[in-house]
Each structure stands twice: as structure tokens, then as C-alpha cells.
Number of protein chains: 2
Amino acid sequence: MTPRSCPPGPAAPLPSDPDEALALLATALAHPARVRILRFLLAREECFAGAIVDHLPLAQSTVSRHLAVLREAGLVRGEVDGPHICYCADLEALERAGELLRGLEAAAIGAEVGP
Amino acid sequence: MTPRSCPPGPAAPLPSDPDEALALLATALAHPARVRILRFLLAREECFAGAIVDHLPLAQSTVSRHLAVLREAGLVRGEVDGPHICYCADLEALERAGELLRGLEAAAIGAEVGP
DNA sequence: ATCGTATATCGGCGATATGCGATAGGCCTT
DNA sequence: AAGGCCTATCGCATATCGCCGATATACGAT
């Protein structure tokens, strides 16, 4: 029942196109409630879905939907733990988002030269 | 007419709440067309809106809408240059997105200890 | 003043997102 | 077998997104 981060399991398959992959991850991060869920899980205060519901001013069904979005993007995984489901944030997926972002910034490298 | 990156002008005001700020920037990045526009502008191949339209399989009005979304998020700025508008990607805004992302990852720091 | 180019905005359409309550399914306990 | 907790899914309403064609606006050139 101890909240733990995701074991480095098989990562969710992202589009091969970096722009589409970044857009996909950004879509999952494009709602404050989902970012809060991620932060909550990363801090590993708790991991059960019920605890997340208690932590947000949203209905249980709405939180469940946000969790599904995060899961589909590979940012979160859930393991059944008896009657509960322990969710964990996939730090690797977040790091991939960072890499894709840096890859985008890198498009500016080499464009520094002026006439 | 030379495409240039944004001078470090006044940054767009982001929400003070990091979660909302990250969600806002992520919303702007949450579409492949907008990421492609950013990459195109960062590479500084060209900067006129018309060039961006030619670079994407989208109608002019649609591209204009995407540019407005990027502008509202502070990721892009446009300077009137005669009859054209020269758009530039705000590298600082992208870097702020990276910082917010790292700040989120940092929520996991200190949660590494087990009982 | 008029025309032409470049960009933004409007109106409409279908698709998707967000929210909720209600319901269904899983698993433990009794 | 029955009941209780936890989570997911369904159904619905509303709002926003993404796309386009059409129109409006701004500016330079004629």
C-alpha cells in the first residue's frame, strides 16, 4: 500500500514523429487537474484513486476520466492492489516529454548566425 | 525580412500557480500543427505567416488561428513588417515550459526514501 | 482614391473535452 | 450468497476545438 513510483516497465508507444509525440504528451498535461494529479503522485503522498479524488474538488467520475487520459498518454500506470488501484507516475514518460521539448528548442541551434 | 528570434521583450504573464501555468503552455503545444509551426519558426527558415501557411496542409484561416493560440500562450510574437507580419518564436517561453516541467519532476525528489 | 496583397476575424459544422449523476463491475468480508 | 467498498464506464449537457469558406481589415503600390 506504500505509494511507489512506477517500475521501469514497458513504456507506452508514442508516435515516431517527434512533433506528434510532443503534442500527445502536451495534451495530457493541458489541464491543471491532470498536472495536479501528476504532482500528487510524484510526491507519493498516496497512490489510491480515492485519495486523489479527496485531493481535488472534482467528482469521482471526473477524476477517473483524467486518470484515463494520463494513462493513455503513458504518464501514469495503475496496479490493482486488492480492492484499490495504486497509481504511479511514470517519471520516464515525463523525462521523454522534457527531451522532446529540448529537441524542439534545439531547432534554434544553428540558426544563430546572422548575415 | 531576415527571420530572427524574438528579442527578449516583455514576457506574457503566466498564472502564478505552476500547475496552471504548465497546463496553459501545454495546451498551446497540444497540437502537432502548432509544434510544427514552432519548429519552423525556431529554425528561422522564414517568418512570414504566408510562409507558414505554405509549409502546412491547412487553410490560411486555420493557421492564423493556431498562431493566435501560440501568441496567447506567449510562445510566439509577431511584429508588423510592412504588409507582412514577421512571427518569431519566444525561446524564453519554451524554456519556462521546460523549467515548469522540471519543477514537476522535482516533486519526485525527496520521495525516494522508503521505510 | 483604387486596387492588390497579407493577415485576422466571423459563422457554421462536426468532433472532442469537461463536468456530473447514475450505474456497472471487482474484490474483500461476513 | 449477500453486502460493502472502490473504481470504471455510461449517458447527458455544455463548452471548446479544429477546420473551412467568406468576409473584414490593414498596408503598400499604382
Side-chain angles (χ1 to χ4, degrees), chain A residues 1-3 15 17 19-20 22-38 40-41 45-73 75-89, chain B residues 1-3 15 19-20 22-38 40-41 45-89:
Chain A
M1 61 172 273
T2 302
D17 180 0
D19 291 349
E20 292 197 9
L22 178 55
L24 207 87
L25 289 169
T27 299
L29 294 173
H31 197 288
R34 289 196 286 268
V35 178
R36 283 185 201 113
I37 290 173
L38 268 182
F40 183 79
L41 290 177
E45 305 180 31
E46 305 188 56
C47 73
F48 299 140
I52 302 173
V53 173
D54 294 340
H55 191 249
L56 294 174
L58 294 171
Q60 178 263 329
S61 59
T62 302
V63 172
S64 181
R65 188 78 197 88
H66 281 308
L67 281 169
V69 172
L70 288 168
R71 212 183 324 132
E72 287 158 15
L75 285 166
V76 140
R77 247 172 297 170
E79 308 176 32
V80 176
D81 181 9
H84 303 87
I85 295 188
C86 182
Y87 277 98
C88 58
Chain B
M1 59 171 272
T2 303
D19 291 349
E20 292 197 10
L22 177 55
L24 205 88
L25 290 169
T27 299
L29 295 173
H31 196 287
R34 290 196 287 268
V35 178
R36 282 184 201 114
I37 289 175
L38 268 181
F40 182 79
L41 291 177
E45 305 180 32
E46 304 188 56
C47 74
F48 298 140
I52 302 174
V53 173
D54 294 340
H55 190 248
L56 294 175
L58 294 171
Q60 178 264 328
S61 60
T62 302
V63 173
S64 181
R65 189 79 198 89
H66 282 309
L67 282 169
V69 172
L70 288 169
R71 211 183 325 130
E72 287 158 16
L75 285 166
V76 140
R77 246 172 299 170
E79 307 176 32
V80 176
D81 181 9
H84 303 86
I85 294 187
C86 181
Y87 277 98
C88 58

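Throughout, protein chains are lettered first and strands after them, A, B, ... in sequence-line order, and every chain is numbered starting at 1.
Rounding to the nearest 0.5 Å gives a distance of 10.0 Å between OG of B:Ser64 and CD1 of B:Ile52. In this structure, the separation between CD on A:Gln60 and CG on A:Asp54 is 10.5 Å, given to the nearest 0.5 Å.
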Scan the side chains in residues 29-36 of chain B for donor-acceptor partners under 3.5 Å anywhere in the protein, sequence neighbours excluded, and list what turns up.
| unit_1 | atom_1 | unit_2 | atom_2 | d |
| --- | --- | --- | --- | --- |
| B:His31 | ND1 | B:Ala33 | N | 3.1 |
| B:Arg34 | NE | B:Ala28 | O | 2.8 |
| B:Arg34 | NH1 | B:His66 | ND1 | 3.0 |
| B:Arg34 | NH2 | B:Thr27 | O | 3.2 |
| B:Arg36 | NH2 | A:Asp17 | OD2 | 3.3 |
| B:Arg36 | NH2 | A:Glu20 | OE2 | 3.4 |

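Here the side chains of B:Ile37 and B:Leu67 are in contact, with some heavy-atom distance below 4.5 Å.
The heavy-atom pair separating B:Tyr87 from B:Ala49 by the smallest distance is CE1-CB, 4.0 Å. Here the closest non-hydrogen pair linking B:Leu38 and B:Ala89 is CD2-CB, 3.9 Å.
Between A:Pro57 and A:Thr27, the one whose closest nucleotide on DNA chain C sits nearer the 5' end is A:Thr27. Nucleotides of DNA chain D nearest to B:Ala30 and A:Gly50 differ in position, and the one nearer the 5' end is that of A:Gly50.
The separation between B:Leu56 atom CG and D:dC20 atom P is 11 Å, rounded to whole Å. Rounded to whole Å, the distance from CG on A:Asp54 to C1' on D:dC6 is 12 Å. Note: NE2 (A:His84) to C1' (D:dC5) measures 8 Å, nearest angstrom. At whole-Å resolution of the value, NE2 in B:His31 and P in D:dT16 are 18 Å apart.
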Show your working on side-chain contact (heavy atoms from CB on, under 4.5 Å) between B:Phe48 and B:Ile85 and close with a plain yes or no.
CA-CA 6 Å; B:Phe48 298 140; B:Ile85 294 187; over 6 Å; no
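Disulfide criterion (SG-SG under 2.5 Å) for B:Cys47 and B:Cys86: met.
On the nucleic acid side, DNA chain C contacts chain B at distances under 4.0 Å to non-hydrogen atoms, with the end points of that region at C:dA6 to C:dT9.
For residues 58-67 of chain B, proximity to DNA chain D is found at B:Leu58, B:Ala59, B:Ser61, B:Thr62, B:His66, defined as any non-hydrogen atom under 4.0 angstrom from a strand atom.
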